[in-house]
Every structure is written in C-alpha cells, then in structure tokens.
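Everything on this sheet refers to the single structure shown next.
None of these values were measured; they are calculated from a predicted model.
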Amino acid sequence: MPLAAHADDDKYSLWQSTKDHMSNIWDKGDDAIYLSGVAHHGRGTYTKDKLDELNEHAWGLGYGKTLRNEKGNDESLYGFVIKDSHRHPQYMAGYAYEWVFPVAHTGLELGLGGTAMLMSRQDYFGGVPFPVPLPLASIGTKKAKVMFAYVPRLSSNKNNGDVLLIFGRIEM
C-alpha cells in the first residue's frame, strides 16, 4: 500500500512540476507576436502539378510568451493560426525550447531546438487536434527573430511532408 501511495505522489509531483514550469513561462515571459508568411514545399518531393495547386503563402498570426531561462536559452508557449497548404486555417498551440548561441559581440544569436504542439488541420483527422514534434531554428536578436520549423517527409510517397515553415517572432 505505501508503494502505491508513493507512485501516486510521483505522478502528481511530475504533473504539478510541469504545470508550475508552464505557469512560470506564462507569468514571467515576455509577450510575443508571431507572424507567418512562407511554407516552402520541397521541390524534389512534390510533383509540378501538386506544387502549382499548393499555397506557399502561409499568412498567419499568433501570440505567446517567451522566457529566457537561467541557462540563457528560450522557452516559449504559443498559439498560432496560419493558412495551410490548401488555403484552410491551421491551428497550432504548443511549447518550444531553443538553445541560444550568441554571435560574438554582434547582438545576433542563433537558436536550435524543437517544438511540441497540438495542431488542427481540416485535411488530417477531420480537424481533431493531434500532437506534432518538429525541429526549430532561428536567427535574429533576443527581441526579433526569423524562425524556421521543418515538417519532414516521413514516407516515400510523393506530395507529402518536406515543408519548411518560415515565420517571425517579435517580443514586446
């Protein structure tokens, strides 16, 4: 019986620790606006006909909070909506972590990390949100960055995956 009670405490403490961490980012992080504009589809992955019908102007807007943590890296919580490849709304909400590498005395920094989010698209699962982990990179200053998320090609099928989403984050 004591082992079962201890296991419940561990589950609660992990859940509570995660909630506390997310609350800290939200409470102490800087407000951030996200602006999207480009979804580049890999030219070797898509047929010419498919590329002609796809939207690569992924206009969108989002809001979030970004905290520069004690290690000098960025942690973000965000919500975002863009126009997907088929010109429908694509909703995303998630957490991002980026290791930040300052470029010697320039004020510029490079970032490399990942994001875990829930995404909702009309063409997948009938719009039901599903989890998506993606690699993330950035270049810019602490307050303004051009960011890149990559959707890899996960099968040998043509016309699927291999998309580079380019967007900006401006902290206020």
Side-chain angles (χ1 to χ4, degrees), residues 25 29-69 72-104 106-125 127 129-172:
I25 294 168
D30 292 331
D31 293 311
I33 299 294
Y34 291 82
L35 302 167
S36 175
V38 178
H40 178 80
H41 297 78
R43 298 309 191 244
T45 302
Y46 293 84
T47 64
K48 167 108 174 69
D49 290 341
K50 189 67 171 180
L51 284 169
D52 288 345
E53 77 180 50
L54 291 175
N55 172 44
E56 290 197 319
H57 302 289
W59 300 116
L61 184 64
Y63 173 78
K65 297 281 197 150
T66 298
L67 179 67
R68 180 71 44 106
N69 67 24
N73 300 317
D74 285 349
E75 296 186 70
S76 301
L77 296 173
Y78 62 88
F80 209 166
V81 62
I82 66 171
K83 191 185 290 189
D84 74 11
S85 300
H86 306 288
R87 297 171 180 80
H88 297 116
Q90 174 177 309
Y91 303 97
M92 302 170 285
Y95 167 80
Y97 191 98
E98 273 194 294
W99 287 271
V100 175
F101 305 96
V103 178
T106 64
L108 289 176
E109 50 191 42
L110 302 174
L112 189 59
T115 184
M117 69 175 121
L118 287 176
M119 178 188 296
S120 173
R121 288 178 55 119
Q122 188 175 352
D123 57 340
Y124 287 95
F125 311 112
F130 57 97
V132 178
L134 295 176
L136 193 61
S138 69
I139 184 167
T141 67
K142 181 180 183 315
K143 294 293 186 182
K145 295 183 179 214
V146 176
M147 303 187 77
F148 310 88
Y150 180 67
V151 180
R153 182 177 177 184
L154 298 176
S155 74
S156 60
N157 297 338
K158 280 278 198 188
N159 302 323
N160 196 355
D162 193 18
V163 179
L164 180 65
L165 179 63
I166 304 170
F167 58 100
R169 182 180 80 208
I170 302 166
E171 290 181 35
M172 298 188 265

Practice prompt. Apply salt bridge (Lys or Arg N to Asp or Glu O under 4.0 Å) to the pair Glu56 and Lys50, showing each step before the final yes or no.
Written response: CA-CA 12 Å; Glu56 290 197 319; Lys50 189 67 171 180; over 6 Å; no
Worksheet item: What are the two closest non-hydrogen atoms of Val100 and Gly72, and how far apart are they?
Response: CB-O, 3.4 Å
Worksheet item: Checking side chain to side chain contact (heavy atoms under 4.5 Å, CB included) for the pair Arg169/Thr66: CA distance, chi angles, key distance, verdict?
Response: CA-CA 10 Å; Arg169 182 180 80 208; Thr66 298; 3.6 Å; yes
Worksheet item: Any donor-acceptor pair under 3.5 Å linking the side chain of Asp30 with the backbone of Leu67?
Response: no
Discussion item. I want to check something: taking the side chain as every heavy atom from C-beta on, are Val132 and Leu118 in contact at a cut-off of under 4.5 Å?
Written reply: no
Discussion item. Within the structure provided, determine whether Pro152 and Leu134 are in side-chain contact (heavy-atom separation under 4.5 Å).
Written reply: yes
Worksheet item: Would you say the side chain of Ile170 lies within less than 4.5 Å of the side chain of Lys143, judging by non-hydrogen atoms?
Response: no
Worksheet item: Got Tyr124 and Pro129 here, is their nearest side-chain heavy-atom distance under 4.5 Å?
Response: no
Worksheet entry | Heavy-atom closest contact (Val103 atom, Thr106 atom, distance) | O-OG1, 2.8 Å
Practice prompt. Evaluate whether atom CD of Gln122 has more than 12 neighbouring non-hydrogen atoms of other residues, nucleotides or ligands under 6.0 angstrom away.
Written response: no
Discussion item. What verdict does the side chain to side chain donor-acceptor pair (under 3.5 Å) test give for Asp162 and Tyr46, after you've listed the backbone C-alpha separation in whole Å, the side-chain angles of each residue and the deciding distance to 0.1 Å?
Written reply: CA-CA 9 Å; Asp162 193 18; Tyr46 293 84; over 6 Å; no
Worksheet item: Quick one: does His86's side chain have a donor or acceptor within less than 3.5 Å of a partner on Asp84's backbone?
Response: no
Item to complete: State the CZ-CH2 distance between Arg87 and Trp59, to the nearest 0.5 angstrom.
Response: 13.0 Å
Worksheet item: Rounded to the nearest 0.5 Å, how far does OG of Ser36 lie from NZ of Lys83?
Response: 11.0 Å
Discussion item. Would you say Glu98 and Ser138 are linked by a side-chain donor-acceptor pair, where the criterion is simply a distance under 3.5 Å?
Written reply: yes
Discussion item. Between Val38 and His57, is there a side-chain heavy-atom distance shorter than 4.5 Å?
Written reply: no
Discussion item. Holding to side-chain hydrogen bond (donor to acceptor under 3.5 Å, both in side chains), I want the full list of residues that pass it with Tyr95, two or more places apart in sequence or in another chain.
Written reply: Glu75
Practice prompt. Please step through side chain to side chain contact (heavy atoms under 4.5 Å, CB included) for the pair Val151 and Leu165, ending with a clear verdict.
Written response: CA-CA 8 Å; Val151 180; Leu165 179 63; over 6 Å; no
Response to the item:
Rounded to the nearest 0.5 angstrom, the CG-NZ distance for Asp31 and Lys65 is 4.0 Å
Item to complete: Can you measure from CZ (Phe130) to OG (Ser120) and round to the nearest 0.5 angstrom?
Response: 7.5 Å
Worksheet entry | Aromatic centroids of Phe80 and Phe167 separated by under 6.0 Å | yes
Item to complete: Kindly indicate, with the supporting measurements, whether the criterion side chain to side chain contact (heavy atoms under 4.5 Å, CB included) is fulfilled by Thr141 and Glu109.
Response: CA-CA 6 Å; Thr141 67; Glu109 50 191 42; 5.7 Å; no
Practice prompt. Begin with the C-alpha distance, continue with both residues' side-chain angles, and end with the deciding distance and a verdict on side chain to side chain contact (heavy atoms under 4.5 Å, CB included) for Val163 and Tyr150.
Written response: CA-CA 6 Å; Val163 179; Tyr150 180 67; over 6 Å; no
Worksheet item: Is the closest side-chain heavy-atom distance between Pro131 and Met117 below 4.5 Å?
Response: no
Item to complete: Indicate whether any N or O donor in one side chain lies under 3.5 Å from an N or O acceptor in the other, for Thr115 and Tyr78.
Response: yes
Discussion item. Looking at every heavy atom in both Ile82 and Ala58, which two are closest together, and how far apart are they?
Written reply: CB-O, 3.9 Å
Fill in: Value rounded to 0.5 Å, distance of CZ in Phe101 from CG in Leu110
8.5 Å
Fill in: Side chains of Leu51 and His41 in contact at under 4.5 Å (non-hydrogen atoms)
yes
Worksheet entry | Test salt bridge (Lys or Arg N to Asp or Glu O under 4.0 Å) applied to Asp74 and Lys142, step by step | CA-CA 9 Å; Asp74 285 349; Lys142 181 180 183 315; 5.6 Å; no
Worksheet item: Between atom CZ of Phe148 and atom CG of Leu136, what is the distance when rounded to the nearest 0.5 Å?
Response: 10.0 Å
Fill in: Glu53 side chain reached by Asp49 side chain, heavy atoms, under 4.5 Å
no
Practice prompt. Give a yes or no on whether the backbone of Met119 and the side-chain of Arg121 come within a donor-acceptor separation of less than 3.5 Å.
Written response: no
